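Just so we're clear, the structure is a prediction, and the values are computed from it rather than from any experiment. Counting begins at 1 with the first residue of the sequence.
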Amino acid sequence: MGDGDVAEYFTLVCDDPSYTVVLLGCGPRELDVVRAVREVTGLSLWHGRVLTRRAPVAVREGLPQDMADEAVLVLRSAGAQAEARRELESERGTAQSP
């Protein structure tokens with residue numbers, strides 16, 4: 001087992017992965033999806049509508065799997081296409097270069 005294998009194993013065992021909830025599309029029921037985005041994010045209806053119209057877009061980031069799955073369920077029940085994507089370790093906690 002090389003050093004990379006040990007580090008990967010340690011990351012998998014000790015760190016709960018974070019998930020990003022991605023809104024892929026709102027379908028024909030835009031107002032219902034805007035309300036669901038509001039419920040999931042806490043944004044105002046106006047900001048929820050702006051976010052919905054930018055799909056595909058990340059709605060929530062850094063969530064544990066159960067919370068991400070719950071948010072996806074809320075969005076899908078409103079007619080949206082949504083999914084929870086596992087964040088890679090390199091994506092978390094790193095600053096983007098300008």
Determine whether Arg60 and Val40 make a side-chain contact, defined as any pair of heavy atoms from C-beta on separated by less than 4.5 Å. yes
Output yes when Glu87 and Arg85 qualify as a salt bridge under the 4.0 Å nitrogen-oxygen rule, no when they do not. no
Who pairs with Arg29 by side chain to side chain contact (heavy atoms under 4.5 Å, CB included), at least two apart in sequence or on another chain? Asp32
Heavy-atom pair of closest approach, residues Gly48 and Leu43: N-CB, 4.2 Å
Group every Ile, Leu, Val, Met, Phe, Trp and Tyr by side-chain heavy-atom contacts under 4.5 Å, then state whether Val59 and Tyr19 land in the same group. no
Any residue meeting side chain to side chain contact (heavy atoms under 4.5 Å, CB included) with Glu70, in chain and number order, not counting sequence neighbours: none
Which heavy atom in Ala82 sits nearest to a heavy atom in Val72, and how many Å separate them? O-CG1, 3.7 Å
Using the rule side-chain contact (heavy atoms from CB on, under 4.5 Å), only one of Val34, Leu75, Val74 pairs with Glu39; which is it? Val74
Which heavy atom in Ala36 sits nearest to a heavy atom in Ala78, and how many Å separate them? CB-CB, 3.7 Å
Taking all non-hydrogen atoms of both residues, which atom of Pro17 and which atom of Arg86 are closest, and how far apart? CB-NE, 3.2 Å
Quick one: CD on Gln65 to OG on Ser18, what's the gap to the nearest 0.5 Å? 11.0 Å
Given side chains that start at C-beta, do those of Val57 and Val22 come closer than 4.5 Å, heavy atoms only? no
Would you give the length of the straight line joining atom CD of Glu83 to atom CG of Asp69, rounded to the nearest 0.5 angstrom? 11.5 Å
The side chain to side chain donor-acceptor pair (under 3.5 Å) partners of Arg53 (sequence neighbours excluded) come to Glu30
CG on Leu45 to CZ on Arg38, rounded to 0.5 Å: 4.5 Å
Min side-chain heavy-atom separation Leu51-Leu23 under 4.5 Å: no
